[in-house]
2 protein chains.
Amino acid sequence: MTETAPRPTLEAVAARAGVSRATVSRVVNGGEGVREPLVERVRRAVEELGYVPNQAARSLVTKRHDAVAVVIAEPETRVFADPFFALQLRGISKELTAHDSQLVLLLTEGRADHARVGRYLAGGHVDGALVFSLHLDDPLPELVQRAGVPTVFGGRPDWGEGNRSVYVDSDNRGGAREAVRHLVGLGRRRVAHITGALDQTSAVDRLDGFRDVVVDADPRLIAEGDFTPAGGERAMRLLLERCPDLDAVFAANDLAASGALRVLRAQGRRVPEDVAVVGFDDMLPVAEQTDPPLTTIRQDIEEMGRLMAGLLLRALDRRGTPLDDGPGADGGSGVVLPTTLVRRASA
Amino acid sequence: MTETAPRPTLEAVAARAGVSRATVSRVVNGGEGVREPLVERVRRAVEELGYVPNQAARSLVTKRHDAVAVVIAEPETRVFADPFFALQLRGISKELTAHDSQLVLLLTEGRADHARVGRYLAGGHVDGALVFSLHLDDPLPELVQRAGVPTVFGGRPDWGEGNRSVYVDSDNRGGAREAVRHLVGLGRRRVAHITGALDQTSAVDRLDGFRDVVVDADPRLIAEGDFTPAGGERAMRLLLERCPDLDAVFAANDLAASGALRVLRAQGRRVPEDVAVVGFDDMLPVAEQTDPPLTTIRQDIEEMGRLMAGLLLRALDRRGTPLDDGPGADGGSGVVLPTTLVRRASA
DNA sequence: CCCGCGCCGGAAAGCGCTCTCAGCGCCATG
DNA sequence: CATGGCGCTGAGAGCGCTTTCCGGCGCGGG
């Protein structure tokens, strides 16, 4: 608002406290090895002057930034028509805050932006990066790899096991299995599956989970969706047409399930009496709002975010030890979070 | 991942190009006053070495950071059980990116965090701040004010007209008027209103808009909600009890409307035949998913974000001119974005 | 042919901070 | 009483960059 008043410097504090800059610096950074009376005097000077250290100057010499980049690719932001985004970010933020780190958000808009992100990461503005890259052909992983910035991925990257990378993911496959088992446990015999966008590992994993339970699934019982309500509708219509006798549907996410629900209702099928439906994600505003409320697989999104940040920070703390040492043997490692079945009315 | 290789410095580039550091600096920052052959040589050296300027060192001398803080208070993140958040951020990000600025996200978790945010802003890490502070008693505005950081608010701050502050807001009052007029135009005579959380100006403004149209509204036709589905349900029940003859409801947002819809259906009222319902926000995953799909007031969230960022950046560019000069005379100014009615099935 | 003006490029002074290193005073010891 | 050692403080050297201030060079006019 008003003119930015010149901030007091270390020098000023030192002068006021009648000590050297070095001493002030020591006090400000933990006060080791400075005697009490001096500490007190410095503290007071800091207080009185309203001194706040200049981060730029500090970074210049320490080479730490206490900042972490969160990179989210454009396609994701569309998926973030759900609270996924906010929750994840919140978890990350909490963890970073606890470690006095800042969150720098990098949203990318298509290919052109990748160069920008690469430059930014390579520019050494941040200590590490959290990357959400759920698409198979995404150049982002490659990019951060080259930038040489310690990175943790959100969601299992698609590259082979050989590649060393750290990631946090939900137990998509296990969750899917649980969903389908629940359906089967209900006595359903013709369980269909609406997949997610199959260029994302989460969708592939959920499909795999489905297949784990419905071994030799009738291929006509599997329809490709894209995680959207519209895609869910399309898939459901196709499914109904191909297999009018289906008695259950496992949709790759709640959004798709909501679309399926609408088609089912429109075609006069009762849920769950005629067709039982299970979703995935437990995104509240959707799952609770559908009619009937959706039985679904919950994943703890916020915890995922927190974990990602935690993993990165820990790696950063013990720099030198490469990040990719960890539970997962020698080549990258992943942390997979459990999912739980939430029973509502739809199955 | 691997050890962070030491980045090349200006010095290194200069050596390689056979010029002085100053010349390299000039070329890197726009290349004014350096002759073509030299420019070319420097460019090549930069390329070959993969030089990226060190932002910390640069900030230290320029006092610019090319970064803007986005401050979002915890209560908001709850509201962000909708895509509001993501969209807003996306708009902001786009604008900032176009101006080569970074987005630093500050999520606050309750009071304790305010000090942290204050310190951060005062610390001169960013050039300006975008603050979302929708609550009447929020200390955030006060805080950024004191930090002396140029700021643009998202949503009209609650303080009086006398206060100078820049903000961007939706035309909540106008939108509300339009919603209610639509209902009245449909021939509805007993229009009720479910308010939002009245400690937010948006809720107050929407209520005011309602009153603008329904002058001398029966106070029993107004029930306080809190922008949540649960609150909407409660309010709807209360309303039905007090005024069984109501024939329309304007809910302060879509979430509340969805709750109201459920209660209406449960009590056997047909929508829109018996009771017409209009929401606010047009948050797609909710508004399109309800049964029947919700007629609502749309606001362009992304544009709001873009505008906020644009306003701030422009102010930053012409530093010296205080931010609070602008269309709104001498004491702060606000930009209010129009809203539009989206007709679906509920009214 | 020489001088002056203008433009180009280099030298150098920091920006605010951290951190090493040396020095000083004090206590414990011989 | 002298000496070694240790703990605390201060001086100073940069971190990598921008930017001001000049010196030097090339050109046109006298």
Side-chain angles (χ1 to χ4, degrees), chain A residues 4-43 45-46 49-67 100 119 122-127, chain B residues 4-43 45-46 49-67 100 119-120 122-127 319:
Chain A
T4 311
R7 316 224 144 273
T9 73
L10 237 209
E11 184 87 48
V13 177
R16 176 155 197 133
V19 299
S20 74
R21 298 206 312 273
T23 300
V24 177
S25 176
R26 279 189 277 259
V27 171
V28 170
N29 300 294
E32 294 288 289
V34 178
R35 253 170 313 199
E36 195 44 44
L38 270 204
V39 171
E40 195 41 47
R41 239 170 50 218
V42 172
R43 286 256 163 74
V46 166
L49 262 35
Y51 169 73
V52 181
N54 178 319
Q55 186 63 28
R58 177 179 283 176
S59 293
L60 188 55
V61 31
T62 59
K63 271 112 170 46
R64 297 206 84 232
H65 302 85
D66 294 321
D100 269 319
R119 226 179 314 127
H125 303 252
V126 292
D127 301 321
Chain B
T4 310
R7 316 224 146 274
T9 73
L10 238 207
E11 183 87 47
V13 177
R16 176 153 198 133
V19 299
S20 75
R21 301 207 309 274
T23 300
V24 177
S25 174
R26 279 189 277 257
V27 171
V28 170
N29 301 294
E32 294 289 288
V34 178
R35 252 169 313 193
E36 196 43 45
L38 270 202
V39 171
E40 194 42 46
R41 239 168 53 217
V42 172
R43 286 255 163 75
V46 166
L49 263 35
Y51 169 73
V52 180
N54 178 319
Q55 186 63 30
R58 177 178 283 178
S59 293
L60 189 54
V61 30
T62 59
K63 270 111 172 49
R64 297 205 84 234
H65 303 85
D66 292 321
D100 269 319
R119 228 178 313 125
Y120 184 79
H125 302 251
V126 292
D127 301 322
R319 262 290 181 56

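Values below: all heavy atoms of this structure, side chains included; hydrogens, waters and symmetry mates excluded. Just so we're on the same page: letters track the sequence lines, and every chain starts at 1. Model, not experiment: these values are computed from the prediction.
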Notebook entry, point to check: T9(B) side chain: which of dG16(C), dC17(D), dT9(D) is closest?
Noted result: dC17(D)
Next item on the list: State which of dG10(D), dG16(D), dC17(C) makes the closest approach to the side chain of T23(A).
Entry: dG10(D)
Checklist line | Donor-acceptor under 3.5 Å (S59(A) side chain, Q55(A) main chain) | finding: yes
Item checked: Donor-acceptor under 3.5 Å (D66(A) side chain, D100(A) main chain) -> no
For [X] and [N], what is the distance between atoms [atom1] and [atom2] respectively, to the nearest whole Å?
X       : N       : atom1 : atom2 : result
N54(B)  : dC17(C) : CG    : C1'   : 14 Å
R58(A)  : dC15(C) : CZ    : C1'   : 16 Å
R64(A)  : dC17(C) : CZ    : P     : 18 Å
Y51(A)  : dG16(C) : OH    : C1'   : 7 Å
H65(A)  : dG16(D) : NE2   : C1'   : 11 Å
H125(B) : dC17(C) : NE2   : P     : 11 Å
E36(B)  : dC7(C)  : CD    : C1'   : 16 Å
L10(A)  : dG16(C) : CG    : P     : 10 Å

Check: Taking all atoms of both residues into account, what is the closest heavy-atom pair of L60(A) and A56(B), and its distance?
Finding: N-CB, 4.1 Å
Check: Can you name the closest pair of heavy atoms from V52(B) and R119(A) and give their distance?
Finding: CG1-O, 4.0 Å
Item checked: Donor-acceptor pair present, R26(A) side chain and dG10(D) base, under 3.5 Å -> yes
Margin query: Classify S25(B) by what it touches in the nucleic acid, base, sugar-phosphate, or nothing, heavy-atom distance under 4.0 Å.
Written below: base
Next item on the list: Ignoring backbone atoms, test whether K63(A) places a side-chain nitrogen or oxygen under 4.0 Å from the OP1 or OP2 oxygen of dT18(C).
Entry: no
Notebook entry, point to check: Would you say a side-chain N or O of T62(A) is under 4.0 Å from OP1 or OP2 of dT18(C)?
Noted result: no
Checklist line | side-chain contact (heavy atoms from CB on, under 4.5 Å) partner of V13(A), chosen from T23(A), V28(A), V24(A) | finding: V24(A)
Checklist line | First encountered from the 5' end of DNA chain C, between A22(B) and L60(A) | finding: A22(B)
Note to self: By nearest heavy atom, map R21(A) and S20(B) onto DNA chain C; which one lands nearer the 5' end?
What the structure shows: S20(B)
Notebook entry, point to check: When you match Q55(B) and R35(B) each to their closest nucleotide on DNA chain D, which lands nearer the 5' end?
Noted result: Q55(B)
